Structure formats: structure tokens, C-alpha cells
Amino acid sequence: QVQLVESGGGLVQAGGSLRLSCAASGRPFSNYPMAWFRQAPGKERVFVASVRWDGGATYYEDSVKGRFTITRDNAKNTVYLQMNSLKPEDTAVYYCATGASRYPGRLVNGYDYWGQGTQVTVSS
């Protein structure tokens with residue numbers, strides 16, 4: 001059973017920064033992609049960022065490019081999302097996800113395991 005546990009969410013003013021963490025357990029961490037999604041109230045869950053199974057590439061949704069950075073530390077079985085220059089529209093519950101496929105893409109249905117989510121609130 002794969003378990004993902006997010007942490008690091010909280011309240012921040014516009015322009016500030018947060019770093020989210022996702023600790024993984026239950027299977028070899030380094031061989032599978034990791035991703036972050038987010039879901040704002042009344043909206044669907046959408047892709048934010050991902051890192052390829054071998055760490056060779058990262059991918060970002062257009063609205064966060066240049067502001068967010070996804071990294072992974074395989075020795076700690078942890079993936080991070082560094083969020084800078086936060087905007088009120090970034091307010092959402094952020095979810096960590098992984099999948100059995102090496103290349104799950106940007107869609108929710110490409111991922112098999114999800115964390116419980118961590119709330120990020122950006123005040124204006």
C-alpha cells in the first residue's frame with residue numbers, strides 16, 4: 001500500500017513563499033513519477049507540477065512556471081514543491097500524487113495514489 005503524506009501548507013500573504021513536502025512510503029520511491037495537483041473551492045482538481053520517474057525532467061502548469069519548483073530527494077522518499085511569489089489565485093488544497101505508470105501525464109486519472117492534501121491560503 002502506497003502512502004503519501006503532505007505537509008507545509010498554511011497561510012501566507014501575496015508575494016510570499018511556502019514549501020510543501022510529500023513523504024512517500026510503500027514502494028520504491030525513485031522509480032516512479034511524482035506530481036502535485038491542486039483543487040480550489042468549487043473547481044476541479046488540476047495539475048500543478050510533476051517530476052519524471054528518473055528525475056530527468058520536470059513539468060509545470062503554465063500559471064506556475066517561473067514561480068514554483070518541484071524537486072525530489074530519493075534518499076528521503078520525499079518530493080517538494082517550492083512556491084514563490086504566491087498569488088491569491090494559488091489558494092487551494094494541494095495534493096501529492098504518484099502512479100504505476102512511468103509517464104502518467106497531467107491528468108488526474110493518470111495517477112493511482114493520493115495524499116490527503118494540505119491547505120494553502122494566500123491572502124490579498
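Nothing here was measured: the structure is a model prediction, and the numbers come from that model.
With respect to the salt-bridge test (charged N to carboxylate O, under 4.0 angstrom), the residues Asp62 and Lys65 qualify.
One N or O on the side chain of Glu6 and one on the backbone of Gln116 form a donor-acceptor pair closer than 3.5 Å. Although no hydrogens or angles enter the test, the distance criterion places no donor-acceptor pair under 3.5 Å between the side chain of Gln82 and the main chain of Arg19. Arg72 places a side-chain N or O within donor-acceptor distance of the main-chain N or O of Arg52, the cut-off being under 3.5 Å. Side chain of Thr78 to backbone of Ala23: no donor-acceptor contact under 3.5 angstrom is found.
Considering CD of Glu89 and OG of Ser63, their distance stands at 8.0 Å, rounded to 0.5 Å. Rounded to the nearest 0.5 angstrom, Ser124 OG and Gln13 CD are separated by 10.0 Å. To the nearest 0.5 angstrom, Thr91 atom OG1 is 9.0 Å from Arg38 atom CZ. To the nearest 0.5 Å, atom OG1 of residue Thr98 and atom OH of residue Tyr113 are 9.0 Å apart.
Contact annotation: the side chain of Asp90 approaches that of Phe68 to within less than 4.5 Å [non-hydrogen atoms, C-beta and beyond]. Between Ser50 and Pro33 there is no side-chain heavy-atom pair separated by less than 4.5 Å. Side-chain contact check for Tyr60 versus Ile70: some heavy-atom pair is nearer than 4.5 Å. Looking at Val12 and Met83, their side chains never come closer than 4.5 Å, going by heavy atoms from C-beta outward. Taking 4.5 Å as the limit, every side-chain heavy atom of Tyr95 sits out of range of all side-chain heavy atoms of Leu4. Side-chain contact between Trp114 and Cys96 is absent, with no heavy atoms from C-beta onward closer than 4.5 Å. Taking 4.5 Å as the limit, some side-chain heavy atom of Cys22 sits within range of a side-chain heavy atom of Trp36.
By the rule that hydrophobic residues join a cluster once side-chain heavy atoms approach within less than 4.5 Å of another member, Val93 and Leu81 end up as members of separate clusters. There is no path of hydrophobic side-chain contacts, each under 4.5 Å, that joins Val79 to Phe47. Note: the hydrophobic cluster containing Leu18 also contains Val64 (ILVMFWY, side chain heavy atoms under 4.5 Å, direct or indirect links).
Summarising the geometry of Ser17 relative to Ser85, their closest heavy-atom pair is OG-N, 4.3 Å, with the distance given to 0.1 Å. Taking every heavy atom of both residues into account, Tyr111 and Gly105 meet most closely at OH-O, 2.7 Å.
Cation-pi check for Arg45 over Phe37 is not met; the charged atom does not lie both under 6.0 angstrom from the ring centroid and within 45 degrees of its normal.
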